[in-house]
Number of protein chains: 2
Amino acid sequence: MTDARILVIDDEAPIRRFLRVALEADGYGVIEAATARAGLASAAREAPALVVLDLGLPDADGLSVLRDLRGWSQIPVLILSVRVDEAGKVEALDAGAQDYVVKPFGVKEFLARVRSLLRDRVSEIQPSVLTIGPLRIDAADHSATLDSHPLHLTRREFDLLWMLASHRGRLVTQEMILKAIWGTAHAGDSQYLRVYIRQLRQKLRDDATNPRFIMTEPGIGYRFLEGS
Amino acid sequence: MTDARILVIDDEAPIRRFLRVALEADGYGVIEAATARAGLASAAREAPALVVLDLGLPDADGLSVLRDLRGWSQIPVLILSVRVDEAGKVEALDAGAQDYVVKPFGVKEFLARVRSLLRDRVSEIQPSVLTIGPLRIDAADHSATLDSHPLHLTRREFDLLWMLASHRGRLVTQEMILKAIWGTAHAGDSQYLRVYIRQLRQKLRDDATNPRFIMTEPGIGYRFLEGS
DNA sequence: GATCCCCTTACGCATTCCTTACGCCGCACA
DNA sequence: TGTGCGGCGTAAGGAATGCGTAAGGGGATC
């Protein structure tokens, strides 16, 4: 039915498994993350169509995950929580969540809410494999090939490539990239970016002054050029 | 805060009044309809930003209103209902509703859900692209074209162009521009302005004495002329 | 213990920004 | 009609910033 991928951020393995089974039965791909840190990293690397976020994470306040995410992404977020009080709901929704479901919940309602969230955004859903000219990028197994030859990319390099390529044609600001890959605390360290952009370009056999792939937008950020 | 108008379709006058008071307190305009028929007519006539639909209407099944609406409109719909069972929720959400709130409900949560639904549509309402005659300016892209030819603008030049063009037709004082682009500390350095106005005009092929775009208002500021 | 990856620093170069200088025009005033 | 003045437009050069590039240290992994 659909190849939309959904990121589930929850520290409890049974709940993750429960959600995985339910979502996969509806035809979605599921990515799991057990911690806030891993969840944010996955959100940046995988560009899922939806994030299901449990607020009861051990390593960080769930809302801080949401706020961090909203610093660089508009991916819709469905919150799971045991809190039934209004203040908690209001806080989460105002922090940028699209929906809020109280545990325990019915799986049919949950799936219906997921369908509703994804329905209006079908056109924005990223496939897990991008093909741009001679370049092929697979988010599922973090591999990339250029002219059918495998590219040996490090994690940071792949994250950066995916971030740019999944926004192909559009401008991506330095701040967005830094927040997504290095975290909000490093939003000003643009030097990181220059170093990794350089390494990426080298592996893509790209030229900074006459780029095939990564175009610099001086003072703003970068843009991945659209393949013909 | 906002001038979005919300259509409330509910047959019970006290509930309509209750919702009106709450929504207006949050700065929305409210349109009331007491029947399915009147609600659909209002939705078509007023093009509200959001529809709040109570399923317990006397003259028609609430879901039929929703399905009718979805036949010709993508206005987001928030459902109110007394039904707590999953089947009812699933049916409504799958019929095209964006959210489903069970009565009785907390007004704070309700308002937060309204904000959430309207938040995502702001970008659609407020486009980042200006088109003025042969000139096209895209704020999200930081790009501009003149007669379909790309303009190579520096950051300052683009900021200045956007400042003027987004106030098209209206007078913009030197002080406003200087404070916005160079900061309050440079509110008196009108020489900056003259230099960058000059560069902008050059790139826009504009003539200071007989301008197509940027008209000087001596002693006060500048005005971006309206395209015909 | 070797390798790989990430972070960090340094430096040259190009672009952009700021700053200064000067000419023109209209206006006021004599 | 001449003169001074203020505001604007224009030109050019030095300062500052931002980008690309190279290289090396520290820590994790195997």
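No experiment lies behind these values; they were computed from the predicted model shown. Chain naming here is simple, since letters A, B, ... match the order of the sequence lines and numbering starts at 1 in each.
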TODO: Looking only at side-chain atoms of B:R198, point me to the closest of D:dG20, D:dT10, C:dC17.
DONE: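 Among the listed nucleotides, the one closest to the side chain of B:R198 is D:dT10.
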Task: Which nucleotide in C:dC6, D:dA23, D:dG20 has an atom nearest any side-chain atom of A:Q191 - done: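 Taking heavy atoms from C-beta onward, the closest nucleotide is D:dG20.
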Can you tell me the distance, in whole Å, between the [atom1] atom of [X] and the [atom2] atom of [N]?
{"X": "B:I177", "N": "D:dC8", "atom1": "CD1", "atom2": "P", "answer": "11 Å"}
{"X": "B:F158", "N": "C:dT16", "atom1": "CZ", "atom2": "P", "answer": "15 Å"}
{"X": "A:E175", "N": "D:dG18", "atom1": "CD", "atom2": "P", "answer": "14 Å"}
{"X": "A:D159", "N": "C:dC5", "atom1": "CG", "atom2": "C1'", "answer": "13 Å"}
{"X": "A:I181", "N": "C:dC7", "atom1": "CD1", "atom2": "P", "answer": "10 Å"}
{"X": "B:I220", "N": "D:dG6", "atom1": "CD1", "atom2": "P", "answer": "19 Å"}
{"X": "A:L160", "N": "C:dC7", "atom1": "CG", "atom2": "P", "answer": "12 Å"}
{"X": "B:I214", "N": "D:dG9", "atom1": "CD1", "atom2": "C1'", "answer": "13 Å"}

For [N] and [X] - does any side-chain N or O of the residue sit under 4.0 Å from the phosphate oxygens OP1/OP2?
{"X": "B:R194", "N": "D:dG9", "value": "no"}
{"X": "A:H186", "N": "C:dC7", "value": "no"}
{"X": "A:T154", "N": "C:dC6", "value": "yes"}
{"X": "B:R155", "N": "C:dT16", "value": "no"}
{"X": "B:H152", "N": "C:dT16", "value": "yes"}
{"X": "B:R156", "N": "C:dC18", "value": "yes"}
{"X": "A:W182", "N": "C:dC7", "value": "yes"}
{"X": "B:Y222", "N": "D:dG9", "value": "yes"}

Categorize [X] for me: base, sugar-phosphate, or nothing, with a 4.0 angstrom heavy-atom threshold over every strand shown.
{"X": "A:Q174", "answer": "sugar-phosphate"}
{"X": "A:T216", "answer": "sugar-phosphate"}
{"X": "A:T209", "answer": "nothing"}

Task: A:E109 bridged to B:K89 by N-O distance under 4.0 Å - done: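 A salt bridge is present here (some side-chain N lies under 4.0 Å from a carboxylate O).
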TODO: Nearest-nucleotide wise, let me know which of B:D207 and A:Q199 is further upstream toward the 5' end of DNA chain D.
DONE: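 Per heavy-atom nearest nucleotide, the more 5' residue is B:D207.
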Open item on the list: Would you say the rings of A:W162 and A:F224 are close, in the sense that their centroids are separated by under 6.0 Å?
Closed with: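 Here the rings of A:W162 and A:F224 have centres that are no less than 6.0 Å from each other.
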TODO: First locate atom CZ of A:R212, then atom CG of A:D207, and finally report the distance between them rounded to the nearest 0.5 Å.
DONE: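 So the gap between those two atoms works out to 10.5 Å.
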Open item on the list: Rounded to the nearest 0.5 Å, what separates atom CG in A:L23 from atom CZ in A:R16?
Closed with: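 Answer rounded to 0.5 Å: 13.5 Å.
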Task: Heavy-atom closest contact (A:K179 atom, A:G71 atom, distance) - done: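 For A:K179 and A:G71, the tightest heavy-atom pair comes out as CD-O, 3.8 Å.
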Open item on the list: When you compare the side chains of A:H142 and A:E46, does any donor N or O come within less than 3.5 Å of an acceptor on the partner?
Closed with: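 The criterion, which ignores hydrogens and geometry beyond distance, is satisfied for A:E46 and A:H142.
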